[in-house]
Amino acid sequence: MRVAIKTLGCKINQYDSAVIQERLARESCSLVPFEDPADVYVLNTCTVTDRADWEARQLVRKARRRSPSARVVVTGCYAQVSPEEVSRVPGVDFVVGLNRMDELVSYVTDRESGAGPAVSVGNPRDERGVGVLGARRFLGRTRAFLKVQEGCNFACSYCIIPTARGRGRSVPPEQVLEQVRGLAEAGFPEIVLTGIHLGGYGYDLAPRVSLSALVRRIAESGLIRRLRLSSLDPREVTDELLAVMADSEVICPHLHVCVQAGEDGILKKMRRNYDTAYFARLMARARGKLPRAALGTDVIVGFPGETEAAFGTSLDFLEEQPLTYFHVFPYSARRGTPAADMSGQIPPVERKERSRRARELGMRKKHEFYRSEVGRRVSVLVEEPVAGEPGALKGYSRNYLPVALAGGADLVHREVRVRLQGWSRGRLWGEVEC
């Protein structure tokens, strides 16, 4: 049976799709690209914005046109939050919510399944554990994602994800170590810890376990050479976590801390639990403890009520911070969130222009950071050849620098010592040292 899987959205969805692939492979399914004819199409959806919902509906129609007799299964956050709406999309055969892996696999592999659409969605607030674990198949990747936390207890005014994923819950440390061991045995030299609310790891466990304690335990286990953390909220980057990172050669010096806005009035409207002064103090501490770390952030521009003056204040604040890069998102409304009904909605053309200005600032800061690293020695995990440049390879340093170097295929998936010689075409170039 040919099965095609398409993933929309965040790293958690990517991880969940990897688990789906793993489970279907055990059932002797043949995985094919989503663009190819297939017997079953599985669409793992995002619902963070109304636009994400629209993209999912478009992909359903494309799958149905590509293989009219195929079955189309929709899962993920859109299926969880709006199952009846998804079931009414022409071409959908089955709607399965989150944490229903056995049902999804059964439907995909059951050749006798009747006519749809069928809907199987539970209440995420009833979930008590993290049910989607065990991914080993990250095709074409040198690093593996490992989900150690699910759900979120925050109530940011723009976000629907707590409705989709439920309250925060964590994978017990022993199970995390078991997953790390399996990924290491599968040949992955780097693991990225991820979660919907990663910084909330362990709050629900008895006894309670902190993220810093989990990270230290993984680093000291000797199972993996490189450990990286995905996005964190500012309040959860503790002095203890910074100290653990600074003292370890395993934990990559790279933090992605989501500020979302650089103006206190907008942060309050977003229902974030910090202000700009707190974030600035955190960045100063992080830079002091990790002087060469990549420090990234997420920024939402054009949030309801963001005046031109407030946006200017936000840009000034971001420029002052020791940040390496930004991920910039123009605000996009999501039905069912308080922000969607707020007054002062910013016109799309203005959101687009503000995004351009913020990205321009972020690009300038990123290039400054890259250039400051020229002449230094770094450890690069080589991932793959550079497309269109014979003899050139690329990978990432521990502090998240994109580095290109000359070398043969024998270097792929290896960590090598590189001296950085220059910067051009969006990446650093270096020479492998013997």
side-chain contact (heavy atoms from CB on, under 4.5 Å) partners for [X], two or more places apart:
| X | value |
| --- | --- |
| Ala56 | Leu8, Leu43, Thr45, Tyr78 |
| Asn123 | Arg125, Asp126 |
| Ala219 | Ser248, Val250, Ile251 |

Is there a donor-acceptor pair under 3.5 Å between the side chain of [X] and the backbone N or O of [Y]?
| X | Y | value |
| --- | --- | --- |
| Arg287 | Pro322 | yes |
| Arg57 | Val86 | no |
| Arg23 | Val105 | no |
| Ser212 | Leu241 | no |
| Thr49 | Ala52 | yes |
| Arg64 | Gly91 | yes |
| Gln80 | Asn99 | no |
| Asn399 | Pro253 | no |
| Asp233 | His197 | no |
| Thr324 | Gly296 | no |

Within this structure, what is the [atom1]-[atom2] distance for the pair [X] and [Y], rounded to the nearest 0.5 Å?
| X | Y | atom1 | atom2 | result |
| --- | --- | --- | --- | --- |
| Lys62 | Glu55 | NZ | CD | 9.0 Å |
| Tyr274 | Asp264 | OH | CG | 10.5 Å |
| Glu236 | Leu282 | CD | CG | 11.0 Å |
| Glu190 | Arg398 | CD | CZ | 8.0 Å |
| Met245 | Leu290 | CE | CG | 5.5 Å |
| Ile12 | Phe145 | CD1 | CZ | 9.5 Å |

List for me each residue that meets side-chain hydrogen bond (donor to acceptor under 3.5 Å, both in side chains) alongside [X], sequence neighbours excluded, and say none if there are none.
| X | result |
| --- | --- |
| Arg364 | Glu319 |
| Arg235 | none |
| Arg351 | none |
| Arg357 | Glu308 |

Between [X] and [Y], does at least one N-O distance fall below 4.0 Å, as a salt bridge requires?
| X | Y | value |
| --- | --- | --- |
| Asp16 | Lys147 | yes |
| Arg181 | Glu185 | no |
| Lys394 | Glu389 | no |
| Arg292 | Glu373 | yes |
| Asp275 | Lys268 | no |
| Glu249 | Arg226 | no |
| Asp247 | Arg216 | no |
| Arg88 | Glu84 | no |

Any side-chain donor-acceptor pair under 3.5 Å between [X] and [Y]?
| X | Y | value |
| --- | --- | --- |
| Thr313 | Glu263 | no |
| Thr7 | Asn13 | no |
| Ser379 | Glu415 | yes |
| Asp53 | Thr47 | yes |

Stacked cation flag Arg334 on Tyr158, 6.0 angstrom / 45 deg: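 Checked: cation-pi criterion not met.
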Residues that [X] engages under ring-ring contact (aromatic ring centres under 6.0 Å, His included), provided they are two or more places apart:
| X | result |
| --- | --- |
| Phe303 | Tyr331 |
| His367 | Trp423 |
| Tyr278 | none |
| Phe317 | none |

Might you point out which heavy atoms bring [X] and [Y] nearest each other, and give the distance in Å?
| X | Y | answer |
| --- | --- | --- |
| Ala294 | Tyr400 | CB-CB, 3.9 Å |
| Ala261 | Ile266 | CB-CG2, 3.8 Å |
| Pro189 | Arg225 | CB-NH2, 3.2 Å |
| Gly199 | Leu232 | N-CD2, 3.6 Å |
| Gly202 | Arg208 | O-CG, 3.3 Å |
| Ser314 | Gly262 | OG-N, 2.8 Å |

Partner of Ser397 by side chain to side chain contact (heavy atoms under 4.5 Å, CB included), out of Leu428, Leu381, Leu420, Val378: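 It is Val378; the other options fail the test.
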Positive for side chain to side chain contact (heavy atoms under 4.5 Å, CB included) with Asn44, one of Val73, Thr75, Leu104: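 That would be Thr75; it is the only one of Val73, Thr75, Leu104 passing the side chain to side chain contact (heavy atoms under 4.5 Å, CB included) with Asn44.
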ring-ring contact (aromatic ring centres under 6.0 Å, His included): pairs with one or both residues in residues 160-183, sequence neighbours excluded: none
Check against side-chain contact (heavy atoms from CB on, under 4.5 Å), Ile20 and Leu24: CA-CA 6 Å; Ile20 294 170; Leu24 293 178; 3.8 Å; yes
Residue among Arg169, Arg165, Arg167 satisfying side-chain hydrogen bond (donor to acceptor under 3.5 Å, both in side chains) with Glu150: Arg165
Test log, rule side chain to side chain donor-acceptor pair (under 3.5 Å), inputs His256 and Tyr325: CA-CA 9 Å; His256 189 93; Tyr325 65 90; 2.9 Å; yes
Any Asp50 side-chain heavy atom under 4.5 Å of Trp54 side chain: no
